[in-house]
Amino acid sequence: MSATQSSNSYRDTYRKSITAPEDFWLDAAAGLEWDTFPGTAVDDSAAPLYRWFPDGKLNITHNALDRHVAAGRGDQTALIYDSAVTEDSRTYTYTQLLDEVSRAAGALKTLGVSSGDRVLIYMPMIPQAVIAMLACARLGAVHSVVFGGFAAREIAARIDDAAPDTVLTATGGIEPTRRIEYLPKVAEALQRAHHRVRDVVVVHREGFETSAAEAAEQTEATWHDWASLTTQAGPSDAVSVAATHPLYVLYTSGTTGKPKGVVRDQGGTAVALHWSMRAIFDVGPGQTLLTASDVGWVVGHSYIVYAPLLAGATSVLYEGKPIGTPDAGAFWRMVQQHGISSLFTAPTALRAIRKADPEASKVAEYDISSLKYLFSAGERLDPETQRWIGEALQVPVIDNWWQTETGWPIAANPVGIEQLPVKAGSATLPMVGYDIAVLDPLGEPLPAGQEGNIAIKLPLPPGTLYSLWGDDARYVESYLSAFEGYYATGDSGYVDQHGYIFVMGRTDDVINVSGHRLSTGEIEAAVAEHPAVAECAVIGLADELKGQRPAGFLVLKSGATITEDQLRQELVAHVRSSIGPVADFKEVAVVPALPKTRSGKILRKTMRQIADGKDYTVPSTIEDAGVIEDLLPVLRRNL
Ligand code: COA
Ligand code: AMP
């Protein structure tokens, strides 16, 4: 435990991080091994852009792997692969994982990948996904992982933005009801992208129709087999990079159709995740963490891959679902089998388990005595779900609030330092380095209890985004210009008189469907491509299971003769093939007109309020109030 964590009071620790951030973070940095220990904590010379540990040098994988082996813990388990869909299971000690990662890094080197190069990873939840990410970081190459539920067009958009020379993929992923062929999607993405990818490396999994040779024929790239490439390659040592060197780009939905390439550095990420693993999640060497997410999301990057390994703990990589693979006892089976002490999932998964097993009878089938905490993030943990699962498991259920942009919790209950009283509906208190304010639209702080825009005073702590990939201007415009001196989270909420944070929802057009972050703007752009659609609005409707679900309201072009049912089928298929099944777009309603302000802005918020059965406000700037009246029956139909 580093000196920073030795205080047993959350308030002292937090206060120090805000009043003496330099000391706090240099102290936290001392918990890692550096090639050059940083003399300075933060460089503010280009404010509002900040860089952490500007003169430090290290490699994050040295700290996640080599450091533990050198300390004599090479035989400890680093990674447990548990696949409920193939019933395959594999364990890697730190020595074995280091060997795999070093050889994968050596293989990438033979393809010409070097420090600063981007590598796109499109893989299911298999060990090679983790190995690929770490192999990139070992060379100082910048990985960009794309979630398997995204379609070819989304992969192509990321290829064009990040410009990788290399793509690492697999023959396919396995969903409970079907197999997802990856290679046709990769080949199509390569064809669609303007940027030319040089090499594609394929992990061969049995049971998929399209071979690498068939896919290769459709592209100009050279295709390789992962197994032979990594077997032939010699190991590669960790390359020492500047702490400010980019570790990865992870694309996330914004308000526009163009995803944002969140970029994080090696040093800040290593320091923050190492600190958070113990202090927030109470996970350290010898303990086992199951983060039931996907490596394609930020939760997977941070708490399946980097943080548990930085902490010298054991991480479970679970390929499966919370229910249906085979049943609602999947998590509890793993708790028993792997001796899991901390389990991290999303509220939607807990609601799915509750629906399938309302009496939580599956819990009693397993010995879950190793479990100390259940952590939940990705969307607001509703009090009823929190109560239900807490009673079923008899462990504290800890909500924590964060975003792809921050990389680790902004607010949480730091059980590794001090377990604070839980308040239902609250993500508890701000974490170290996050100086939070709730602001009105003019940027004035609001008093306790009043809802407004949640903002974070700059600089953000280490491990958060330092920019958007190749686009500082968009970073400043999207996050730093609404409230001077603050990062705007895009979330709305309030702080109570004890400082507890209640996050209530987004202030923008981002929606959260089953813990997946989606842009209604992006879905609208896909819907608008249909030849019969004149204009459309996609809004997120409240959903008991998924949190939100997208629904499209469309105005047809005059003369269009298509039936609503036919249009729905075509649009659902189109959104699936252009964004991916993860968009979960299934509801469509044809309406005579959309409500707009006089300047032409669609009143999505008013539509959402009506559809969710809430009190609704109609702005005085509405162009034609009659449009709302006409829409009421259609919007209420969705209740
Ligand atoms: N590859 C391909 N398709 C995928 C996919 C992947 N990796 N992940 C999901 N999909 C597909 C699903 O098969 C589904 O397709 P369908 O419309 O044909 O049924 C669609 O995308 C929507 O998926 P999802 O909303 O996830 O529904 P689901 O029924 O598969 O699973 C849950 C429901 C609750 C189990 C699941 O959403 C879940 O575990 N969510 C938690 C998310 C999470 O961990 N987020 C990270 C924050 S912690
Ligand atoms: P993502 O970038 O996919 O992690 O999504 C981030 C968004 O999810 C946040 O901006 C919030 O709107 C929402 N979110 C995540 N965790 C929580 C939480 N614990 N409580 C409320 N909202 C959350």
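These numbers come from a predicted model, not from an experiment. Both ligands and their constituent atoms are indexed starting at 1 by order of listing.
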Residues Asp584 and Lys546 bridged, charged N to O under 4.0 Å: yes
State whether Phe208 and Arg179 meet the cation-pi test: NZ (Lys) or CZ (Arg) under 6.0 Å from the six-membered ring centroid, and within 45° of the perpendicular axis. yes
Give the protein residues with at least one non-hydrogen atom closer than 4.0 Å to an atom of ligand 2, ordered by chain and number. Val298, Gly378, Glu379, Arg380, Asp399, Asn400, Trp401, Trp402, Gln403, Thr404, Asp491, Val503, Arg506, Asn512, Arg517
With sequence neighbours excluded, what pairs up with Tyr182 under the ring pair (Phe, Tyr, Trp, His ring centres under 6.0 Å) test? Tyr122
Got the residues with a heavy atom under 4.0 Å of ligand 1, by chain and number? Phe147, Gly148, Gly149, Glu175, Arg178, Ile180, Ala292, Ser293, Val299, Lys321, Pro322, Ala346, Thr348, Ala377, Ser514, Gly515, His516, Arg576, Pro581, Val582, Asp584, Lys586
Restricting to pairs with a member in residues 426-441, which pass salt bridge (Lys or Arg N to Asp or Glu O under 4.0 Å), not counting sequence neighbours? none
Aromatic ring pairing Trp402/Phe344, orientation class (parallel under 30°, perpendicular over 60°, tilted between): tilted
Could Glu175 and Lys321 be called an ion pair, given the rule that one side-chain N must be under 4.0 Å from one carboxylate O? yes
I'd like to know if Lys362 and Glu365 make a salt bridge, using a cut-off of under 4.0 Å between side-chain N and carboxylate O. yes
What class does the angle between the rings of Tyr248 and His143 fall in, given that below 30° is parallel, 30 to 60° is tilted and above 60° is perpendicular? parallel
Would Glu154 and Arg192 pass as an ion pair if we require N to O under 4.0 Å? no
